[in-house]
Structures are given as structure tokens and as C-alpha cells.
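Working notes for the structure below.
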Amino acid sequence: MALYEYVTKEQLAGFDKYKYSAVDSNPLSVYVMHPFWNSLVKIFPTWLAPNLITFTGFMFLVLNFLMLAFYDFDFYASAPGHVHVPSWVWIAAGLFNFLAYTLDGVDGKQARRTNSSTPLGELFDHGLDSWACIFFVATVYSIFGRGETGVDVATLYYILWVVLFSFILSHWEKYNTGVLFLPWGYDISQVTISIVYIVTAVVGVETWYTPIVWNFHYRDLFTVMILGCSFAVTLPMSLYNVFKAYRSNTLKHSSLYESFLPFLSPVLLFILSTLWVWLSPINIIQLQPRVFYLMVGTAFANVTCKLIVCQMSNTRCQPLSWLLLPMGLVVLLVASGVVAHSETLLLHVWTAVVVLAHIHYGVSVVHQLSDHFNIYAFSLKKPSTD
């Protein structure tokens, strides 16, 4: 019996008919990473569950986040005049990030190798991927941090949203076309981030203080790369793929409203969180950036997981996530000024509520679908992405 039945009977019926369809055309992935993963997966025992591989990779990202939170909670450690993060931490961060990326690529191949794929495996994988966005963005931010040579925490907040919307674009594509087009930016960013961590351990964060040319710093290159991948690659390719489906008359939703319905809750979440940033009497984003990012990233993951469930079960996307209703009340309290003296406490409490609610949602969905498919949660498998 599930802890709570988040998946409707109609959606369960949709999962029974579900067939995985994905396209990965990134040259780095096709010609470098897939051959590497194909060789690596052969050393895994056949009894090793693909979802255990997925979960282990995700936990490496969480470990990175917690490790950097210990050494650089306020993102000041890489700024001039502050005690820097030890070099071994950057080495560990690079290895953990690459391990997480590798395990995320291998899990599907293990499922294919053991002939044990289920729709829940894909949901488990992509659901964790949606939550992973906040952990790797907040962790890589510590390389540059705040200060005159770094990136302002408010700027990083908007950069985080660019990453989050880039992620949901792929699932919006699949909601409309039935095919998951894996974004090029993901593989490029993961390999680059892993290398930059190791380089930082060797040369020190002081190297990033020096401008590349004139007054253009490495922190500006970091920002340009993220914005460039999102707006020059991911967004155009997503729109092109949906337009191509429209031209071939294969779109799943003919109504413009239904097609863009998946963006309603993420946009409302962006508006609410941005209002909190703007209207905060104590400038909460400057005082508690890491906690605020975690709250936003987790709420986004919750919204995205519900879209993935609808997309995989071929059912209509929910117009509004229930989590946004109490968040609206929280933002109203902040804007009114009545919680000015306890806003930090309010943020911590609300973040805990969001994290626990998302974990409860995930565990409940896993149990409900496990019961439906009559399988054990730890033996859930995901389809291959090659």
C-alpha cells in the first residue's frame, strides 16, 4: 500500500502502455561517453540493480553539495582575503561529479544488459536528475563564489533558473512529441565542471581572479557558457523539435494552451521565489543564499516530477502544483513585513517542509508504482538511453 496515492488510476493505466523513446545526438555523448560507458558496464555484476546505480550517482552530487556547504556555506571562501577551500576538496568534488555523471550514463546500459527495464526506472532516474540541478549548480558556484572576482548571489539565482528551465524544456518536448531529446549542454557541462574542479585544486582559486582579457573574468565566461548553452543551443533545438512534430502532424496536444500547460507551475514558482527575493525586508538572498537555492531547486524538482509522471502516462499535465499555494502564503507574509525579524527562521522551516514534502512524494510514487507492477523498489530498472 502506498504512503499516499499521488498517481491516479488513469495514469497507472498509461504507464502500462508506456514505451521509452529518446534521441541522443550530442557528438561528445555518441562518440566518447557512450563507448566508455559500454566498456565500463561490463564489469558490473548482473545482479546490481540499475536504480541502485542511479541513486548512488545522485548521492555523489548530494555529498558534493554537503561537503562544499561545510567548507563554504556562504560562498565567500573563494573570494580574495578569505580562507580558501582545501585543495583535496576540489579533487574530491571533481571525482564525485564525474562518478555521478558516469553512473547516470551507465544505469540505462545495465538495465538493457540485464533485460530488466520498467517505466518506474526511467521515472526514478529523471526525477532524481531534476533534483540534481540544484546540487551541481550550487556546488560549482563555490569555485568563483562572491566578492569582486566572483558572481553575486542574486545573479546566481537567475542563472540557476536558466539551468532549471533548460532542464524542463526536454520534458516539455517529450510531453508534446512523445520523444525525449537529450540536451547537448548536459554532457558538455558535466565533463567541463569535472575538469574545472581538478584544475582548481592544482592552480588554486587565485588563478580565477585574473581577467582573461581586459575586464572579462573567468566568472563572466562561466555565466556566458551557461546562458549560451541554454539560449543558443537548448532552447532553439527544443523549439525546432516541437515545430518539426507540428509540421509532421505528430504533436500529442493540438491546443496551444495544452501544449504550454507544463510551464504554468514552473513560471508561478519563479514569480513567487523572485518576489521573495525582491520584497524581502532583510534581503534574504544575501543572508541565506544556499538555503534559498535549495528551497527553489527542490520545489522545482517536485513540479517537474509531476510533469514527468503525466508525460510518461500520456495524461494531461496538472495546471497547478499544490506546493505553490502555501508558498504563496509564505511570500505574502514576507511581503507584509510581519515576519521581518524571523524571516531567516521562516526560510529554514519552509525549506524543510519543501524537502520533506518532495521526499514523501517520491517515496509514495515509487511504492505506488512498485505495487502496481508487483516489483520491489530496489530492483526497479530503467530503459537504456542508447
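The structure presented is a predicted model; accordingly, all values stated were derived computationally and were not measured.
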Between [atom1] on residue [X] and [atom2] on residue [Y], distance to nearest 0.5 Å:
X: I159; Y: M225; atom1: CD1; atom2: CE; value: 12.0 Å
X: L128; Y: M59; atom1: CG; atom2: CE; value: 10.0 Å
X: L182; Y: S170; atom1: CG; atom2: OG; value: 7.0 Å
X: H171; Y: H126; atom1: NE2; atom2: NE2; value: 5.5 Å
X: L99; Y: F96; atom1: CG; atom2: CZ; value: 7.5 Å
X: S39; Y: K109; atom1: OG; atom2: NZ; value: 10.0 Å

Problem set entry | Stepwise side chain to side chain contact (heavy atoms under 4.5 Å, CB included) test for F124 and L369 | CA-CA 11 Å; F124 186 68; L369 288 178; over 6 Å; no
Taking C-beta and beyond as the side chain, do [X] and [Y] meet within less than 4.5 Å on heavy atoms?
X: L261; Y: R316; answer: yes
X: F73; Y: V291; answer: yes
X: V191; Y: L28; answer: yes
X: L120; Y: S370; answer: yes
X: W131; Y: V62; answer: no
X: I143; Y: Y218; answer: no
X: V162; Y: Y158; answer: no
X: P266; Y: L164; answer: no

Checking [X] side chain against [Y] main chain: does a donor-acceptor pair fall under 3.5 Å?
X: S321; Y: L324; value: no
X: N38; Y: H34; value: yes
X: S265; Y: P319; value: yes
X: N64; Y: A93; value: yes
X: S248; Y: A245; value: yes
X: R219; Y: G145; value: no
X: Y18; Y: T118; value: no
X: Q368; Y: V7; value: yes
X: T234; Y: C229; value: yes
X: Y141; Y: V151; value: yes

Exercise. Are I195 and F98 close enough, and set up right, to give a side chain to side chain contact (heavy atoms under 4.5 Å, CB included), and what steps lead you there?
Worked result: CA-CA 9 Å; I195 293 173; F98 188 74; over 6 Å; no
For this session: Start with the C-alpha distance between Y101 and Y186, add both sets of side-chain angles, then the distance that settles ring-ring contact (aromatic ring centres under 6.0 Å, His included), and finish with yes or no.
Result: CA-CA 10 Å; Y101 170 54; Y186 173 70; 5.7 Å; yes
Exercise. Can you name the residues that form a side-chain contact (heavy atoms from CB on, under 4.5 Å) with I91, not counting sequence neighbours?
Worked result: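 I91 satisfies side-chain contact (heavy atoms from CB on, under 4.5 Å) with L95, I198, A201 once adjacent residues are dropped.
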Problem set entry | Residue from D24, V30, V23 passing side-chain contact (heavy atoms from CB on, under 4.5 Å) with N26 |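 It is D24; the other options fail the test.
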Problem set entry | Any residue meeting ring pair (Phe, Tyr, Trp, His ring centres under 6.0 Å) with W172, in chain and number order, not counting sequence neighbours |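 W172 satisfies ring pair (Phe, Tyr, Trp, His ring centres under 6.0 Å) with F260, F263 only.
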Please indicate whether [X] has more than 12 foreign heavy atoms, meaning atoms of other residues, nucleotides or ligands, lying under 6.0 Å from its [atom1].
X: E10; atom1: CD; result: no
X: Y246; atom1: OH; result: no
X: D16; atom1: CG; result: yes
X: Y240; atom1: OH; result: no

Same apolar cluster (I L V M F W Y, side chains within < 4.5 Å links), [X]/[Y]:
X: V338; Y: L332; result: no
X: F70; Y: F60; result: yes
X: L221; Y: I188; result: yes
X: L325; Y: L329; result: no
X: F75; Y: Y71; result: yes

Exercise. According to the interplanar angle, ranging from 0 to 90°, do the rings of W161 and F300 count as parallel (below 30°), tilted (30 to 60°) or perpendicular (above 60°)?
Worked result: perpendicular
For this session: Could you go through the side chain to side chain contact (heavy atoms under 4.5 Å, CB included) check for Y293 and V137 one step at a time?
Result: CA-CA 9 Å; Y293 298 153; V137 170; over 6 Å; no
Exercise. Cut-off 3.5 Å, side chains only: do S273 and Y157 have a donor facing an acceptor?
Worked result: yes
If every non-hydrogen atom of [X] is compared with every non-hydrogen atom of [Y], which pair is closest and at what distance?
X: S29; Y: W37; value: OG-CZ3, 4.4 Å
X: L12; Y: H372; value: O-NE2, 3.5 Å
X: Y175; Y: K252; value: O-CD, 3.6 Å
X: L68; Y: S142; value: CD1-CB, 3.6 Å
X: S238; Y: L169; value: OG-CB, 3.7 Å
X: H84; Y: Y209; value: CE1-OH, 3.1 Å

Exercise. Between F144 and S78, does a side chain to side chain contact (heavy atoms under 4.5 Å, CB included) hold up when you go through it step by step?
Worked result: CA-CA 6 Å; F144 305 100; S78 292; 5.9 Å; no
For this session: Answer yes or no on whether K306 is positioned over the face of Y361, meaning its NZ or CZ is under 6.0 Å from the six-membered ring centre and within 45° of the axis.
Result: yes
Problem set entry | is_close_aromatic(W276, F292), centroid dist under 6.0 Å |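 Yes - the distance between ring centres of W276 and F292 falls below the 6.0 Å cut-off.
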Exercise. Can you pull the salt bridge (Lys or Arg N to Asp or Glu O under 4.0 Å) pairs that have at least one residue in residues 144-163, sequence neighbours excluded?
Worked result: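 Applying salt bridge (Lys or Arg N to Asp or Glu O under 4.0 Å) to every pair that reaches into residues 144-163, excluding sequence neighbours, yields nothing.
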